[in-house]
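Read the structure below first, then the notes.
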Amino acid sequence: MRILVQKFGGTSLSTPEARAHVIEHIRDALAADYRLVVVVSAMGRKGDPYATDTLLGLIEQVEGRLPAREKDMLLCCGEVISAAVLCSMLHARSISAVVLSGAQAGIVTNERFGNAHIQSIRPERIFKLLKDNRVVIVTGFQGINEFGDWTTLGRGGSDTSATALGAALRAEYVDIYTDVEGVLTADPRIVEDAKPLASVGYAEICNMAYQGAKVIHPRAVEVAMQANIPIRVRSTFSRHPGTLVSHSDAISGGFVSDRHVTGIAHAPHVTQIRVNSREAAGFGSETRPINHGNTFDLQLKVFKAMALNDISVDFINVNPSEIIYTVFDNDADRAVSILRDMGLELEYLNNCAKVSVIGGGMNGVPGIMAQIVEALTENDVQILQSADSNASIWVLVKYEDMVKSVRALHRAFQLNK
Ligand code: ADP
Ligand code: MG
């Protein structure tokens with residue numbers, strides 16, 4: 001059996017016209033002799049009747065009072081509705097399809113309601129249905145824990161449902177259908193002339209996704225990478241071939257390692273925190289470091305305190321006089337008061353954004369940082385912090401400079417060419 005998994009996102013299912021495009025892709029796959037598993041998200045975006053955010057809106061006033069377990073039961077409804085609607089459209093066209101919930105599809109998760117991780121998949125039932133030539137529609141974003149409770153996988157979770165099913169079924173491809181023509185060099189909502197990439201490595205796209213390119217969920221990429229299942233990110237609304245995501249180092253026109261910069265990603269809503277690690281008050285003062293030169297003790301204390309309070313930290317820079325890091329804006333007040341309660345001196349800046357320049361082949365290439373600094377300073381953007389890894393360079397800027405920065409960097413690296 002040649003198995004294909006197709007996943008359709010919210011906007012791809014939001015209107016009858018959009019769903020007609022979905023049907024076309026299903027027909028194409030069946031005509032190509034694939035046995036087909038279709039993973040669906042809830043229909044539409046916030047404000048649409050059965051979208052996940054709309055369901056959440058039903059309990060907005062009292063959200064804190066609905067236990068996480070029952071909240072997941074509410075959230076599971078969106079995908080059930082869209083799966084049943086799609087199933088009816090297929091039957092109307094004499095395509096035999098069957099809907100399976102996450103539980104019925106054998107998707108077993110841990111117990112973490114609202115952000116559950118898939119632990120295993122029991123694919124027997126799907127295999128049997130595929131053998132019988134049925135199209136199997138699976139509700140994305142959900143599973144079941146060992147006690148039989150419904151769980152959801154967190155934002156973007158349907159992508160992970162799709163790649164996990166692809167891995168369990170040894171699918172030939174997992175196709176992620178969305179509202180753009182693949183993975184682009186930047187978010188097209190910000191950069192008008194962003195270009196679709198014909199192919200990218202798993203690591204590159206994973207990196208982009210972790211840095212805010214929400215076209216695919218990073219966990220979904222990790223699952224596919226581990227199982228070595230290629231992903232194609234494609235548009236529901238066209239027949240554009242989209243972006244192939246695979247292990248292969250070979251990309252169209254060269255190698256991943258020849259492409260210094262692949263794309264620009266951005267992640268808004270972060271707060272920069274700077275903890276003074278010098279003994280005397282005042283940043284940048286020339287006094288002795290606290291703890292007799294051991295900033296590690298302080299680091300440990302700071303990051304342990306964040307972890308104990310479930311505050312995730314990012315973009316960490318440590319130097320002899322300061323510990324600098326970022327937290328999400330909505331954790332900032334808590335983080336600051338925890339640090340103050342510890343008697344630490346600190347400064348913080350809300351409303352920042354992390355802008356990342358990503359390229360599988362940038363390692364060891366001189367001059368990229370210089371180009372970034374030049375592009376940003378030419379556009380009057382102040383760089384608040386920067387750091388790099390082998391495949392990306394990150395800069396922290398003020399939120400108001402984010403769009404300008406992404407555009408400037410996209411231009412500077414000629415990614416529209
Ligand atoms: P879906 O509902 O289909 O899962 P998402 O909204 O989760 O769709 O993801 C698609 C969106 O991701 C696009 O509309 C686009 O605005 C955004 N996006 C951000 N960065 C990128 C990128 N580098 N390439 C493509 N899309 C991107
Ligand atoms: Mg998505």
Side-chain angles (χ1 to χ4, degrees), residues 5-15 18-19 21-22 25 38-48 50-54 78-79 82 86 139-142 152-163 174-201 204-221 231-238 240-245 259 261-268 353-360 392 402-403 405-407 409-410 413 415-416:
V5 177
Q6 296 180 323
K7 178 257 169 179
F8 295 94
T11 38
S12 305
L13 293 156
S14 59
T15 62
R19 292 193 287 273
H21 286 284
V22 169
H25 293 295
V38 178
V39 176
V40 294
S41 295
M43 299 193 281
R45 298 253 161 90
K46 192 172 186 152
D48 293 326
Y50 309 110
T52 304
D53 279 317
T54 311
E79 280 70 19
S82 84
L86 183 62
T139 55
F141 175 64
Q142 56 177 261
T152 65
L153 309 180
R155 282 296 143 123
S158 295
D159 295 341
T160 312
S161 306
T163 56
V174 174
D175 289 345
I176 304 287
Y177 282 94
T178 183
D179 58 357
V180 288
E181 296 201 320
V183 178
L184 281 77
T185 47
D187 188 342
R189 286 180 214 192
I190 288 195
V191 180
E192 250 176 41
D193 56 354
K195 279 257 159 24
L197 295 155
S199 53
V200 293
E204 269 183 312
I205 178 66
C206 205
N207 199 348
M208 279 179 83
Y210 270 120
Q211 300 310 333
K214 64 170 229 165
V215 63
I216 186 166
H217 196 280
R219 207 186 294 153
V221 181
I231 305 174
R232 293 181 296 201
V233 181
R234 310 183 57 180
S235 168
T236 300
F237 306 96
S238 76
H240 192 281
T243 304
L244 174 69
V245 184
R259 187 162 63 189
V261 174
T262 305
I264 316 291
H266 62 281
K354 188 180 184 186
V355 175
S356 308
V357 176
I358 292 144
S392 29
M402 179 182 79
V403 169
S405 304
V406 174
R407 288 181 181 155
L409 293 170
H410 198 267
F413 291 103
L415 293 177
N416 60 335

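Computed from a predicted structure; not experimentally measured. Order of appearance sets the numbers: ligands from 1, and atoms from 1 within every ligand.
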Numbered in order shown, the ligand 1 atoms found under 4.0 Å of a heavy atom of V180 are 13 (C), 14 (O), 25 (C), 26 (N)

I'd like to check the salt bridge (charged side-chain N to carboxylate O under 4.0 Å, His left out) partners of R232; sequence neighbours left out, ordered by chain and number. D175

Starting from atom 23 (N) of ligand 1, what is the nearest protein heavy atom, named by residue and atom, and what distance separates them? L184 O, 3.0 Å

Distance alone, cut at 3.5 Å: any donor-acceptor contact between the side chains of S392 and Q211? no

M208 side, atom CE; H266 side, atom NE2 - distance, nearest 0.5 Å: 10.5 Å

Nearest-0.5 Å distance, OG1 of residue T262 to CD1 of residue I358: 8.0 Å

Considering non-hydrogen atoms of the protein only, which is the closest contact for atom 9 (O) of ligand 1, and what is the distance? K214 O, 3.4 Å

For G263 and ligand 1, answer yes if some heavy atom of the residue is under 4.0 Å from a ligand atom, otherwise no. no

Closer than 4.0 Å to some heavy atom of T178 - which atoms of ligand 1 meet that? 1 (P), 3 (O), 8 (O), 9 (O), 10 (C)

Taking the inter-plane angle between the rings of F237 and H21 on a 0 to 90° scale, is it parallel (under 30°), tilted (30 to 60°) or perpendicular (over 60°)? perpendicular

Looking only at heavy atoms, is any part of A186 under 4.0 Å from ligand 1, and if so is it the side chain, the backbone, or both, or is it neither? backbone

Less than 4.5 Å apart, any side-chain heavy atom of E204 and any of R259? yes

Closest approach of any protein heavy atom to atom 21 (C) of ligand 1, naming residue and atom: D187 CA, 3.7 Å

Give the residue and atom name of whichever protein heavy atom lies nearest to atom 13 (C) of ligand 1, and the separation in Å to one decimal. D179 OD1, 3.4 Å

Ligand 1 contact by H217, heavy-atom criterion under 4.0 angstrom: no

List the residues meeting salt bridge (charged side-chain N to carboxylate O under 4.0 Å, His left out) with D193, not counting sequence neighbours, and say none if there are none. none

Residue and atom name of the nearest protein heavy atom (relative to atom 2 (O) of ligand 1), distance in Å to one decimal: G10 N, 3.2 Å

Atom 26 (N) of ligand 1: closest protein heavy atom, distance to 0.1 Å, is V215 CB, 3.4 Å

Could you state the interatomic distance from CZ (R407) to CD (E192), rounded to the nearest 0.5 Å? 7.5 Å

Which protein non-hydrogen atom lies closest to atom 5 (P) of ligand 1, naming both residue and atom, and how far is it? R45 NH2, 3.6 Å

About how many Å separate OG of S238 and OH of Y177, when rounded to the nearest 0.5 Å? 9.0 Å

With atoms numbered from 1 as shown, which atoms in ligand 1 lie under 4.0 angstrom from a non-hydrogen atom of K7? 4 (O)

With a cut-off of 4.0 Å, which atoms of ligand 1 are near a heavy atom of M208? 23 (N)

Any nitrogen or oxygen of R189, main chain or side chain, under 3.5 Å from a nitrogen or oxygen of ligand 1? yes

Would you say the side chain of L13 lies within less than 4.5 Å of the side chain of V22, judging by non-hydrogen atoms? yes

Just to be sure I'm reading this right: ignoring hydrogens, which of G156, A213, G182 gets closest to atom 25 (C) of ligand 1? Compare them by their nearest heavy atoms. G182

